[in-house]
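Atom set for the values below is all heavy atoms of this structure, side chains included, hydrogens, waters and symmetry mates excluded. Note that the structure is a prediction, hence the values are computed from the model and not measured.
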Amino acid sequence: MQKNITSLNALNWDDLKFFLEVARTRKASNAAKRLGVDYTTVSRRISSLETALGTLLFEKSRTNGFVLTAEGQRLLSYAETIESTLHMACEQVSGSGVALSGHIRMGCTEGFGSFFITPQLSHFVDAYPAISVDILPLPHFISLSKREADIVIALERPEHGPYVCCKLTDYTLRLYATQDYLDAHGPIRQPSDLNSHPFVSYVDDLAFSSELLYLANLLPGASANLRSTSVIAQYVAALQGRSLAILPCFLAAQDPRMIAVLPEEVEITRQFWMYCREDLRKLKRITLLWDYIREVTEMNHAFLMGEPAPLRFRQPIAAER
């Protein structure tokens, strides 16, 4: 009992912040960048925590970086609970102005993040200047467990985990080409005509979701001589007038250079899901952004479904300024 009390007294609670960043990034250098300190400070704080607890928390590997030991894994769950409790405690004891402040990191698929979420967030931060937001429109899976983001918008809902999840919206994709392409190639009157046309598409074995492999499913005989993991790269390639591309309507329909090809026959519907950790969902700033994204997405349902509608923005409330 005396040993436990001694260890608790020797523990520097601030070391847990360093522990969490190393556990999430697996590299002391990356943790140092996120914490705004140097590498040696991170190493020293981890060593201090291990000494206070009398146990090894990480195994160091040249290939895998800092890997949690069994004891480190057990501490991680407690440390994350402490972190979340502190966030909520600060909100509860702070005034409303302080509670509606802080930082949020949102992960999102590349196209939706760049062409829909980012424009909407520019209006959000204008309405709530005390909240800063990072948008990560990355063409790969984003891990909530490593706290790479606080909120994620993805093509698929998480199968398991301590998450709050909702279906955000359906959206439509169609086949697009430029007028130059259509003038230079044979007429396209029916889906079977597409077999002789070149496409730009995803790299099948590098697609981060099976939901992206719609070209092979929709047009098995289609030939894609140019592929990219980036939907924006596919969009830019199609603008060169040398290939067809299946693109989200929220990306292509607002560009007058892009023309929908066989829009009645070639139409795909997919979904976006939004989720975050259960503990973070209780934070006021997370709730505020969560509700805001749901509201502006519902407001733009017609736009996302490829109907002739402009991108709309929520008008900020005067009291929010």
**Prompt:** So, Asp15 and Ser48: side-chain donor and acceptor under 3.5 Å apart, yes or no?
**Reply:** yes
**Message:** Would you compute the distance between atom OG1 of Thr169 and atom CG of Asn300 and round it to the nearest 0.5 angstrom?
**Reply:** 9.0 Å
**Request:** To the nearest 0.5 Å, tell me how far Leu121 CG sits from Asp134 CG.
**Result:** 10.5 Å
**Asked** Can you find a pair of side-chain heavy atoms, one from Leu239 and one from Arg257, that are under 4.5 Å apart?
**Response** yes
**Trp273 and Leu155, any side-chain heavy atoms less than 4.5 Å apart** = no
**Closest contact, heavy atoms only, Glu110 versus Val231** = OE1-N, 3.2 Å
**Asked** Are Leu251 and Val236 connected in a single hydrophobic cluster, I mean Ile/Leu/Val/Met/Phe/Trp/Tyr linked by side-chain heavy atoms less than 4.5 Å apart?
**Response** yes
**Message:** Can you see whether Thr178 engages Asp180 through a side-chain donor-acceptor pair at a distance of less than 3.5 angstrom?
**Reply:** no
**Request:** Given side-chain contact (heavy atoms from CB on, under 4.5 Å), test Phe58 with Thr69 step by step and report yes or no.
**Result:** CA-CA 5 Å; Phe58 294 98; Thr69 62; 5.6 Å; no
**Test item: side-chain donor near acceptor, Asp255 and Tyr235, under 3.5 Å** = yes
**Prompt:** In terms of ring plane angle, is the pair Phe116 and Phe112 parallel, tilted or perpendicular, where the classes change at 30° and 60°?
**Reply:** parallel
**Request:** Could you tell me the separation between the CG atom of Leu244 and the OG atom of Ser201, rounded to the nearest 0.5 Å?
**Result:** 11.5 Å
**Request:** Any chance you could measure Arg314, atom CZ, to Thr297, atom OG1, to the nearest 0.5 Å?
**Result:** 12.5 Å
**Prompt:** Any side-chain donor-acceptor pair under 3.5 Å between Thr287 and Arg281?
**Reply:** yes
**Pairwise side-chain contact, Val125 with Ser132, heavy-atom cut-off 4.5 Å (strictly under)** = no
**Item:** Interatomic distance, Cys108 atom SG to Met274 atom CE [nearest 0.5 angstrom]
**Value:** 10.0 Å
**Asked** Would you call Tyr163 and Arg277 a side-chain contact if the rule is heavy atoms closer than 4.5 Å?
**Response** yes
**Asked** If Ile, Leu, Val, Met, Phe, Trp and Tyr residues are connected whenever their side-chain heavy atoms lie under 4.5 Å apart, and connections chain through other members, are Leu288 and Trp290 in the same group?
**Response** yes
**Request:** Of all the heavy-atom pairs spanning Arg174 and Cys249, show the shortest one and how long it is.
**Result:** NH1-SG, 3.6 Å
**Message:** On a heavy-atom basis, which atom in Phe199 and which in Ser243 lie closest, and how many Å separate them?
**Reply:** C-CB, 4.1 Å
**Heavy-atom closest pair, residues Gly186 and His197** = O-CE1, 3.4 Å
**Request:** Go through the steps for Arg285 and Asp150 under the test salt bridge (charged side-chain N to carboxylate O under 4.0 Å, His left out), then give the verdict.
**Result:** CA-CA 11 Å; Arg285 64 180 180 273; Asp150 301 309; over 6 Å; no
**Asked** Ile293 and Met305: same hydrophobic cluster, using ILVMFWY side-chain contacts below 4.5 Å?
**Response** no
**Prompt:** Are Ile131 and Met106 connected in the hydrophobic side-chain network, where two residues link if heavy atoms are under 4.5 Å apart?
**Reply:** yes
**Asked** Side chains of Ile268 and Ile246: does their closest heavy-atom pair fall under 4.5 Å?
**Response** yes
**Prompt:** Where the side chain of Thr118 meets the backbone of Phe115, is there a donor-acceptor pair that is under 3.5 Å apart?
**Reply:** no
**Donor-acceptor contact below 3.5 Å, side chain Arg227 vs main chain Tyr202** = yes
**Asked** Looking at Pro137 and Ile135, what are the two nearest heavy atoms and their distance?
**Response** CD-O, 3.1 Å
**Asked** Mind checking whether Ile153 and Thr109 have side chains closer than 4.5 Å, heavy atoms only?
**Response** no
**Request:** Taking the six-membered ring for Trp and the single ring otherwise, decide whether the centroids of Phe250 and Phe303 are under 6.0 Å apart.
**Result:** no
**Message:** Apply side-chain contact (heavy atoms from CB on, under 4.5 Å) to residues Thr172 and Leu304 and explain how you reach the verdict.
**Reply:** CA-CA 6 Å; Thr172 299; Leu304 295 170; over 6 Å; no
**Asked** Roughly how far, to the nearest 0.5 Å, is CG of Asp38 from CZ of Arg44?
**Response** 8.0 Å
**Request:** Step by step, work out the side-chain contact (heavy atoms from CB on, under 4.5 Å) result for Ser114 and Ile232.
**Result:** CA-CA 9 Å; Ser114 298; Ile232 295 178; 3.6 Å; yes
**Message:** Is there a path of hydrophobic side-chain contacts, each under 4.5 Å between heavy atoms of I/L/V/M/F/W/Y residues, joining Met299 to Phe313?
**Reply:** no
**Prompt:** Are any non-hydrogen side-chain atoms of Arg294 and Leu168 less than 4.5 angstrom apart?
**Reply:** yes
**Prompt:** Is the closest side-chain donor-acceptor distance between Tyr292 and His123 under 3.5 Å?
**Reply:** no
**Prompt:** Taking all atoms of both residues into account, what is the closest heavy-atom pair of Leu247 and Tyr176, and its distance?
**Reply:** O-CE1, 3.6 Å
**Prompt:** Heavy atoms, side chains only, cut-off 4.5 Å: are Phe19 and Leu57 in contact?
**Reply:** yes
**Request:** Check the pair Lys60 / Phe66 against side-chain contact (heavy atoms from CB on, under 4.5 Å), numbers first and verdict last.
**Result:** CA-CA 5 Å; Lys60 298 177 184 177; Phe66 282 66; 3.5 Å; yes
**Item:** Backbone of Glu21 reached by a side-chain donor or acceptor of Thr25 within 3.5 Å
**Value:** yes
**Message:** Strictly distance-based, threshold 3.5 Å: is any side-chain N or O of Gln120 a donor or acceptor partner for the main-chain N or O of Arg312?
**Reply:** yes
